[in-house]
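Below is one structure; the comments refer to it alone.
All values derive from a computational prediction rather than experimental measurement.
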Amino acid sequence: MTPSTPSTPRTPSSPRTPTASADTLGEAAYDRLRLRQWLTGEARAAGVARRDVLRLAGVAGLAATVPVLGGAPHAHAAPGTAPGIVKPLPDDVFTVRGTNAETRFEALAATDRLTPASHFFVRNHTTTPRLDAGTWRLTVWGDGLTGGAREFTLADLKRLPSASRTAFVECAGNGRSLFTTQQGQQVSGTAWTLGAVGQAHWRGVRLADVLRRAGLAHAAVDVMPRGLDDDYVTADGTNLGRVRRPLPLAKALDDVLLAYEMNGEPLPPDHGHPVRVVVPSWIGVSSVKWVGDIEVSATPLYSPWNTDFYRLFGPGHPPQGSAPLTRQTLKSAFELPWNARLAAGTRHRLTGRSWSGGGAVDRVEVSTDGGGTWRRARLHDVPRRGSWVRWSADWHPRTPGPAVLLARATDTTGRTQPATTAYNTQGYLFDAVVRHPVTVE
């Protein structure tokens with residue numbers, strides 16, 4: 001499928017700041033600058049009317065009521081199916097959540113450090129497109145290039161030097177339901193537990209190499225990949241276009257991949273066939289699937305996916321929301337069913353995984369008495385940034401009755417999972433220690 005010709009960028013109505021980039025400002029400062037530029041009309045939110053983004057984002061002080069991408073949790077589809085998902089969704093591996101499929105974390109116990117495509121969660125804004133790799137084209141365009149638009153076939157990408165990376169991809173809302181079940185706070189959005197995450201070995205080409213081949217200009221500041229899935233239409237009928245989210249040029253030139261393989265095989269349809277973006281350690285929406293075009297801009301860019309969605313709103317956050325979310329947070333999960341029943345008087349090997357968007361996880365502690373005491377778990381992987389570590393701890397419960405298991409991770413930045421997560425209305429970035437109930441019998 002050949003992407004439609006991208007529209008020509010509009011000239012901003014007020015001066016821009018083309019030299020601002022994440023390498024000189026840092027990610028948080030970069031995002032704060034982009035927000036100010038967008039609010040004052042210096043940055044473009046291409047593809048959607050400004051009045052619609054203003055209304056949706058609630059920048060006039062209504063941010064606490066901003067809608068969540070995908071809306072409230074959907075009713076489950078029939079077992080083993082989901083609207084628009086191609087691969088089988090067996091009940092022992094997935095929980096279907098509307099157009100999405102969440103991995104049951106206990107199903108990962110039978111896998112190694114890489115999540116097979118058969119077990120990898122699916123986050124779809126609309127439906128999985130069926131694209132022909134032979135006719136697929138990637139268009140790189142925009143006023144951040146020295147020449148005109150440049151088109152790449154899959155064969156063109158494969159002629160460039162290949163690059164690979166083992167990295168997790170995780171939805172920003174992973175753990176969202178725990179705001180309610182564990183902290184008693186109401187949030188909106190798909191009610192993920194902890195299974196909206198997966199780790200794969202991605203192979204493709206560095207985005208930096210493609211941008212340079214396309215003719216990257218010194219004036220470029222933002223890079224915005226856009227998917228080939230259907231337009232996203234909100235519940236009130238506002239068409240926001242195809243999923244797209246800008247990256248700072250410095251990030252695009254750092255570790256971002258245009259991946260065409262997942263775990264040594266061509267990307268499956270649900271995971272971006274034939275080519276997707278992989279942005280290590282950043283929230284999942286940054287890793288645009290089914291990429292069809294990439295805008296390279298000398299003008300600061302915004303899209304609904306970082307003006308309206310994927311910010312923190314609510315008490316304790318600015319009226320216009322936090323800076324757009326970038327890095328993922330710190331989490332741990334047991335590879336054990338919720339409310340599992342375990343035999344008393346038997347030694348059990350508790351297993352799980354911990355991961356962080358900030359640094360490598362180098363310590364995991366486990367409590368089997370609801371947090372009264374803690375002990376170190378054994379790590380089964382070398383800690384690496386952008387990858388999770390598997391761990392285990394033995395437990396020999398002797399007294400029947402309810403129990404609560406906890407696991408908390410510490411990464412190489414020195415950050416440890418907190419007891420609670422600061423509230424935000426959309427339920428993003430839950431990172432608190434999870435209270436995992438079991439019954440000893």
Inset, instruction - Would you check if the distance from the ring center of His273 to the ring center of Trp290 is below 6.0 Å? - result: no
Legend entry - Rounded distance [0.5 Å steps], CG in Leu429 versus CD1 in Ile283: 7.0 Å
Inset, instruction - Just say parallel, tilted or perpendicular for the rings of Tyr428 and Tyr310, cut-offs at 30° and 60°. - result: parallel
Legend entry - Heavy-atom check, side chain of Thr153 versus side chain of Leu157, under 4.5 Å: no
Legend entry - Sub-4.5 Å side-chain heavy-atom contact between Val291 and Leu138: yes
Inset, instruction - Calculate, to the nearest 0.5 Å, the distance between atoms OG1 and CG belonging to Thr329 and Asn174 respectively. - result: 11.0 Å
Inset, instruction - Look at the side chain of Ser367 and the backbone N and O of Trp374, then say whether any donor-acceptor pair between them is shorter than 3.5 Å. - result: no
Inset, instruction - Could you tell me whether the side chain of Thr238 and the main chain of Thr234 form a donor-acceptor pair under 3.5 Å? - result: no
Inset, instruction - Could you pull out the closest heavy-atom pair between Arg206 and Ala163, with the gap in Å? - result: CG-CB, 3.7 Å
Inset, instruction - Check Ser332 against Ala407 and note the closest heavy-atom contact, atom names and distance. - result: CB-O, 3.7 Å
Inset, instruction - Could I get the full list of side chain to side chain donor-acceptor pair (under 3.5 Å) partners for Trp202, not counting sequence neighbours? - result: none
Inset, instruction - Go through Tyr260 and Trp136 one step at a time and tell me if the ring pair (Phe, Tyr, Trp, His ring centres under 6.0 Å) criterion holds. - result: CA-CA 12 Å; Tyr260 46 72; Trp136 172 86; 9.5 Å; no
Legend entry - His436 side-chain N/O to Pro337 backbone N/O, donor-acceptor pair under 3.5 Å: yes
Legend entry - Geometric class of the Trp355/Phe105 ring pair [parallel <30°, tilted 30-60°, perpendicular >60°]: parallel
Legend entry - side chain to side chain contact (heavy atoms under 4.5 Å, CB included) partner of Ile294, the single match among Leu258, Val277, Val288: Leu258
Legend entry - Check: Asn263 side chain, Thr115 main-chain N or O, donor-acceptor pair, under 3.5 Å: yes
Inset, instruction - May I ask you to check whether Thr193 and Glu102 show a side-chain donor-acceptor distance below 3.5 Å? - result: yes
Legend entry - Under 3.5 Å side-chain donor-acceptor pair for Asp431 and Thr421: yes
Legend entry - Nearest-0.5 Å distance that lies between atom CG in Asp270 and atom CG in Asn124: 6.5 Å
Legend entry - Check: Glu295 side chain, Asp143 main-chain N or O, donor-acceptor pair, under 3.5 Å: no
Legend entry - Side chain proximity check, Pro268 to Met262, heavy atoms < 4.5 angstrom: yes
Inset, instruction - Check whether more than 12 heavy atoms from other residues, nucleotides or ligands sit under 6.0 Å from atom CZ of Arg213, and answer yes or no. - result: no
Inset, instruction - Mind running side chain to side chain contact (heavy atoms under 4.5 Å, CB included) on Thr410 and Val361 for me, showing each step along the way? - result: CA-CA 6 Å; Thr410 299; Val361 172; over 6 Å; no
Inset, instruction - Can you measure from OG (Ser303) to CE (Met224) and round to the nearest 0.5 angstrom? - result: 6.0 Å
Inset, instruction - State, with a plain yes or no, whether a side-chain heavy atom of Val434 is found less than 4.5 Å away from one of Leu178. - result: yes
Legend entry - Glu335/Arg353 salt bridge by N-O under 4.0 Å criterion: yes
Legend entry - Non-hydrogen atoms of Ala252 and Leu211 that approach each other most closely: CB-CD1, 4.1 Å
Inset, instruction - Measure the CG-OG distance between Leu257 and Ser287 for me, rounded to the nearest 0.5 Å. - result: 9.5 Å
Inset, instruction - Answer with yes or no whether the side chains of Trp391 and Ser354 bring together a donor and an acceptor at under 3.5 Å. - result: yes
Inset, instruction - Give a yes or no on whether a salt bridge exists between Asp381 and Arg113, defined as a side-chain N under 4.0 angstrom from a carboxylate O. - result: no
Inset, instruction - Mind checking side-chain contact (heavy atoms from CB on, under 4.5 Å) for Ala149 and listing every partner two or more places apart, or none if nothing turns up? - result: Thr139, Trp141
Legend entry - Evaluation steps, side chain to side chain contact (heavy atoms under 4.5 Å, CB included), between Thr180 and Gln185: CA-CA 5 Å; Thr180 300; Gln185 299 163 325; 5.7 Å; no
Legend entry - Side-chain heavy atoms of Val243 within contact of Trp305, under 4.5 Å: yes
Legend entry - Residue pair Val223 / Leu253, side-chain heavy-atom distance below 4.5 Å: no
Inset, instruction - Looking only at non-hydrogen atoms, find the nearest pair between Phe120 and Gln199 and report the distance. - result: CE1-N, 3.5 Å
Inset, instruction - State whether the side chain of Thr128 and the backbone N or O of Gly84 hold a donor-acceptor pair below 3.5 Å, judged by distance alone. - result: yes
Inset, instruction - In plain terms, say whether Arg376 and Glu365 are close enough for a salt bridge, that is, a side-chain N and a carboxylate O under 4.0 Å apart. - result: no
Legend entry - Side-chain heavy atoms of Pro225 within contact of Arg245, under 4.5 Å: no
Inset, instruction - Would you give the length of the straight line joining atom CH2 of Trp192 to atom CZ of Arg176, rounded to the nearest 0.5 angstrom? - result: 8.5 Å
Legend entry - Close side-chain approach of Asp255 and Arg165, heavy atoms under 4.5 Å: yes
Inset, instruction - For the pair Arg276 (side chain) and His271 (backbone), establish whether a donor and an acceptor sit closer than 3.5 Å, ignoring hydrogens and angles. - result: yes
Inset, instruction - Look at Arg104 together with Asp91 and state whether they make a salt bridge at an N to O cut-off of under 4.0 Å. - result: no
Legend entry - Heavy-atom closest pair, residues Leu301 and Pro246: O-CG, 3.6 Å
Inset, instruction - Just do the side-chain hydrogen bond (donor to acceptor under 3.5 Å, both in side chains) check on His119 and Thr111 with the steps written out, would you? - result: CA-CA 9 Å; His119 286 54; Thr111 68; over 6 Å; no
Inset, instruction - Quickly, which of Arg244, Arg242, Arg226 forms a salt bridge (charged side-chain N to carboxylate O under 4.0 Å, His left out) with Asp293? Name it, please. - result: Arg226
Legend entry - Which atom of Trp388 lies closest to which atom of Gly198, heavy atoms considered: CH2-CA, 4.1 Å
Inset, instruction - With sequence neighbours left out, write down each residue that passes side-chain contact (heavy atoms from CB on, under 4.5 Å) with Glu261, or none if nothing qualifies. - result: Arg203
Inset, instruction - Assess whether side chain to side chain contact (heavy atoms under 4.5 Å, CB included) is satisfied between Leu247 and Asp222, documenting all intermediate values. - result: CA-CA 6 Å; Leu247 296 168; Asp222 282 344; over 6 Å; no
Inset, instruction - Go through Ser322 and His317 one step at a time and tell me if the side-chain hydrogen bond (donor to acceptor under 3.5 Å, both in side chains) criterion holds. - result: CA-CA 6 Å; Ser322 70; His317 301 292; 5.4 Å; no
Legend entry - Donor-acceptor contact below 3.5 Å, side chain Arg327 vs main chain Gly357: yes
Legend entry - Glu170 with Lys331: basic N within carboxylate O range, under 4.0 Å: yes
Inset, instruction - Determine, stepwise, if the pair Gln182 / Phe430 fulfils side chain to side chain contact (heavy atoms under 4.5 Å, CB included). - result: CA-CA 11 Å; Gln182 187 162 296; Phe430 188 91; 3.8 Å; yes
Legend entry - Ring-face cation of Arg150 near Phe152 (centre distance under 6.0 Å, axis angle within 45°): yes
